[in-house]
Amino acid sequence: MIEFPADVEAYYRCLSAQRSWPAATEAAFRASVAWYRALEESSEPRQYYEYVDREGLVEEGSRWLWEAIAVNGETMAIKQIELGPSGVAHCYWWRRVEDDVGGLTDQPLDLVEPGLSPVSRSAFYSLWDAMSTGDARGSSKPPSVEGPEGMSVSGSSGEHDGQVRGSWMTIPATSVGWMCTRFYMC
């Protein structure tokens, strides 16, 4: 079985339980997560792109940003930011490939797509880091949520340039159902 850090294991166990995945589906999903992790940890050069929905194809004003690498001649996203016009943001990468709102694209980026444009690494990470520290949500620190029996979601996890980002959980394995509805990670 593929091993992930404890917070990632808990999140994906939760997702599997919520969706009632059979063992084969869970194994395939975990293999996909491991593939994205290997891409993230590779030394391949990074590329950065942004798409702004100016025509209302999904929701006018929405933005998508990607950190991507070349894989077998195609440009694959390894991190993705979805930012709605209301300012609600969702971040996806191997630690959180998907949730109930969306997920990291599993299709290569089409670099000739109208509206897709390159952005700088600093432009991507200024937004990624702001969301990871809570700044994009109007907070100077990640949220901390207390649950029943002393369970909590707080702190930080995830890696980027050797620094820790996002939120992590301290939660008993028997309380996975509660954690699923309140978990935050970017």
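Follow the hydrophobic side-chain contacts under 4.5 Å out from Trp93 and you reach Trp35 in the same cluster. Both Val97 and Val101 sit in one connected hydrophobic cluster of ILVMFWY residues. Membership requires side-chain heavy atoms under 4.5 Å apart, directly or through other members. Residues Trp21 and Tyr12 fall within the same hydrophobic cluster, defined by Ile, Leu, Val, Met, Phe, Trp and Tyr side chains chained together at heavy-atom separations under 4.5 Å. Following chains of ILVMFWY side-chain contacts shorter than 4.5 Å, one cannot reach Tyr51 starting from Ile81, and the two form parts of different hydrophobic clusters.
Between the side chain of Asp53 and the backbone N or O of Glu59 there is at least one donor-acceptor pair closer than 3.5 Å. Side chain of Glu9 to main chain of Phe4: a donor-acceptor pair is present (N/O by atom type, distance under 3.5 Å, no hydrogens or angles). Not a single donor-acceptor pair under 3.5 Å links the side chain of Tyr36 to the backbone N or O of Arg96. A donor-acceptor contact shorter than 3.5 Å links the side chain of Ser126 to the backbone of Ser122.
Side-chain polar atoms of Asp99 and Tyr92 form a donor-acceptor pair below 3.5 angstrom. Donor-acceptor pairing under 3.5 Å is recorded for the side chains of Tyr49 and Gln47.
Residue Cys14 holds its SG atom at 9.5 Å from CZ of Arg19, rounded to the nearest 0.5 Å. In this structure, Ile78 CD1 and Leu39 CG are separated by 7.0 Å, a value rounded to the nearest 0.5 Å. Cys91 SG to Trp128 CH2: the interatomic distance, rounded to the nearest 0.5 Å, is 4.5 Å. To the nearest 0.5 angstrom, Asp7 atom CG is 11.5 Å from Tyr11 atom OH.
Residues Asp106 and Met76 come closest through the heavy atom pair O-CE, 3.7 Å. Here the closest non-hydrogen pair linking Gly84 and Ser62 is CA-OG, 3.9 Å.
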Residue pair Phe29, Glu98: steps toward the side-chain contact (heavy atoms from CB on, under 4.5 Å) verdict
CA-CA 10 Å; Phe29 186 84; Glu98 66 180 70; 3.4 Å; yes
Check against side-chain contact (heavy atoms from CB on, under 4.5 Å), Leu109 and Glu74:
CA-CA 8 Å; Leu109 298 179; Glu74 297 182 310; over 6 Å; no
Please test Ser42 against Arg46 for side-chain contact (heavy atoms from CB on, under 4.5 Å), starting from the C-alpha separation and ending with a verdict.
CA-CA 10 Å; Ser42 79; Arg46 285 5 187 196; 3.7 Å; yes
Show, in sequence, the C-alpha distance, side-chain angles and deciding distance for His90 and Leu104, and conclude whether the side-chain contact (heavy atoms from CB on, under 4.5 Å) test is met.
CA-CA 10 Å; His90 301 276; Leu104 179 62; over 6 Å; no
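Using a 4.5 Å cut-off on side-chain heavy atoms (C-beta onward), Val88 and Glu82 make no contact.
For Arg54, the CZ atom is loosely surrounded, since the number of other residues' heavy atoms within 6.0 Å does not exceed 12.
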Taking only distance into account, with no hydrogens and no angle test, what donor-acceptor pairs under 3.5 Å do side-chain atoms of residues 63-73 form with protein atoms, sequence neighbours excluded?
residue, atom, partner, partner atom, Å
Arg63, NE, Glu50, OE2, 2.5
Arg63, NH2, Glu50, OE2, 2.7
Trp66, NE1, Gln80, OE1, 3.0
Glu67, OE1, Tyr125, OH, 3.2
Glu67, OE2, Tyr48, OH, 2.6
Glu67, OE2, Tyr125, OH, 3.0

